[in-house]
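The block underneath contains the structure these notes are about, expressed in structure tokens.
Order of listing sets the numbers, starting from 1, for every ligand and every atom in it.
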Amino acid sequence: MLGSFVAAGTFRVDRLPRPGESLRASAIAWEPGGKGFNVAAGLRRLGIAVDGLIPIGTDHLAALAEPALRRMGLPTSMIRPHPGSTGIGVGFVGTDGENCLAVHPGANLLLSRETVRSAAAGILSSAMVLAQFEIGDDPVAEAFAIARGAGIPTLLNPSPFRLPSDEILAATTILVLNETEAEALLGRLAGPAGTGGLRAAAEGLARALHARGVEVLVITFGAAGARIVLGGSTILDQRAYQVTAVDTLGAGDAFTAGLAAGFVAGRHWDASGRIAAACGALMVTRHGVLDGLPDPAEVGDFLRIHAPEAAMS
Ligand SMILES: OC[C@H]1O[C@H](O)[C@H](O)[C@@H]1O
């Protein structure tokens with residue numbers, strides 16, 4: 001796992017603020033976060049051994065990292081201090097569970113190719129290498145090239161969105177996008193979605209990505225499920241399980257952890273998609289991120305109820 005770590009503050013509001021509007025929050029919660037840390041914690045909760053690089057700064061917020069990693073059962077040797085500020089995220093969650101957030105990456109952007117190279121032995125002993133875009137392009141490109149060159153699958157969630165470079169796409173096995181990210185990428189690589197919308201355009205986007213090296217495209221549609229396109233052409237649709245959402249923050253991270261956990265356990269994409277959807281669904285029923293990450297027993301119980309034909313054993 002490459003990055004990221006942030007101190008995350010979440011304001012609970014009646015509804016998300018409009019541009020120019022000031023709202024009073026009914027509550028605020030601070031917890032360690034960052035998409036890299038969240039996915040690492042989610043994988044660990046699912047019983048997967050995790051190692052990697054977690055960048056922090058040298059300010060007072062850096063002290064949050066060690067207890068956070070300990071609490072989630074992650075090795076504290078993952079922590080890499082850099083001079084400057086630790087990343088900070090600020091989010092809003094409305095009473096309908098919807099969220100929006102901004103992240104200042106701070107030290108996460110200081111993770112370098114050299115640091116990644118110094119961890120090459122760890123990369124080469126991994127079952128999968130994962131990254132998101134709360135870190136810079138260089139460490140992602142370096143780690144993915146080392147992994148892919150050795151036949152190790154890689155998973156990228158380019159969030160917050162920027163266009164992945166050709167170097168990164170060429171070394172990406174699995175690309176996980178939400179709707180906003182998929183629309184942005186579609187516009188750049190395959191033209192705007194037609195009348196069938198993003199779901200129908202997923203195959204064209206997957207083909208364009210496949211030509212650049214990406215083997216599997218996953219687009220999440222929140223409460224409308226996910227579409228998985230294998231090899232640029234084979235489509236699997238994963239339905240969303242019906243739950244009452246109270247807080248969607250971290251749902252994408254829980255989904256990614258579930259998908260990766262299924263993949264490294266050697267499960268078929270159908271089963272990995274179900275585990276991912278169950279993790280995302282369980283997460284949105286709970287406030288906060290870290291306490292919402294499900295364990296295998298919770299995923300199994302959930303699937304026995306919501307997908308009895310194919311429960312996780
Ligand atoms: O994906 C949600 C996460 O993104 C931001 O990094 C926040 O830390 C939050 O936990």
Side-chain angles (χ1 to χ4, degrees), residues 1-13 16 25 27-45 52-57 61-62 64-65 67-69 71-72 74 78-79 85-94 97-111 130-136 140 155-162 175-182 218-222 226 245-260 276 279-294:
M1 169 61 65
L2 291 185
S4 53
F5 182 85
V6 307
T10 306
F11 294 84
R12 226 176 277 168
V13 286
L16 300 184
I28 178 161
W30 286 96
E31 68 173 348
K35 294 177 200 306
F37 172 68
N38 290 347
V39 175
L43 281 163
R44 193 69 206 97
R45 184 70 57 76
L53 302 170
I54 294 272
I56 59 166
L61 294 174
L64 296 171
L69 267 74
R71 172 182 160 204
M72 302 314 293
L74 295 166
M78 292 173 77
I79 296 172
S85 56
T86 301
I88 298 182
V90 173
F92 294 89
V93 176
E98 286 304 318
N99 79 79
C100 60
L101 70 127
V103 171
H104 181 260
N108 292 296
L109 284 187
L110 300 179
L111 192 61
L130 299 94
Q132 26 57 45
F133 269 178
E134 286 176 347
I135 57 175
V140 180
L155 183 154
L156 176 67
N157 171 215
S159 177
F161 185 78
R162 63 179 180 266
L175 187 69
V176 181
L177 306 171
N178 66 17
E179 286 175 88
T180 318
E181 293 148 9
V218 181
I219 303 179
T220 60
F221 294 92
V246 298
D247 180 353
T248 55
L249 200 67
D253 300 334
F255 180 98
T256 298
L259 192 77
C279 289
L282 281 160
M283 172 65 100
V284 304
T285 63
R286 301 161 176 178
H287 283 292
V289 176
L290 298 181
D291 288 340
L293 293 165

message: Any salt bridge linking R45 with D291? Criterion: basic side-chain nitrogen under 4.0 Å from a carboxylate oxygen.
response: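 Looking at R45 and D291, the cut-off is not met.
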
Return the closest protein heavy atom for [atom] as residue, atom name and distance.
{"atom": "atom 8 (O) of ligand 1", "result": "G34 N, 2.8 Å"}
{"atom": "atom 6 (O) of ligand 1", "result": "E134 OE2, 2.7 Å"}
{"atom": "atom 9 (C) of ligand 1", "result": "N38 ND2, 3.8 Å"}
{"atom": "atom 4 (O) of ligand 1", "result": "K35 NZ, 3.1 Å"}
{"atom": "atom 2 (C) of ligand 1", "result": "D253 OD2, 3.3 Å"}

query: Mind checking whether L101 has an N or O less than 3.5 Å away from an N or O of ligand 1?
result: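 Such a contact does not occur with ligand 1.
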
Give the atom numbers and elements of ligand 1 that come within less than 4.0 Å of a heavy atom of [X].
{"X": "V103", "value": "5 (C), 6 (O)"}
{"X": "V6", "value": "6 (O), 8 (O)"}
{"X": "G33", "value": "8 (O)"}

Is [X] reaching over with its side chain to a backbone N or O of [Y], donor-acceptor style, under 3.5 angstrom?
{"X": "R286", "Y": "G292", "value": "yes"}
{"X": "E134", "Y": "N108", "value": "no"}
{"X": "D247", "Y": "G288", "value": "yes"}
{"X": "N157", "Y": "Q132", "value": "no"}
{"X": "T248", "Y": "G97", "value": "yes"}

task: With F5 as reference, evaluate L64, N38, L61 under the side chain to side chain contact (heavy atoms under 4.5 Å, CB included) test and give the passing residue.
output: L64

- prompt: Out of curiosity, is G252 lining ligand 1, as in a heavy atom under 4.0 Å away?
  reply: no

task: Give a yes/no verdict on whether any heavy atom in A8 is under 4.0 Å from an atom of ligand 1.
output: yes

message: Give me the atom names and distance for the closest heavy-atom approach of A226 to F255.
response: CB-CZ, 3.9 Å

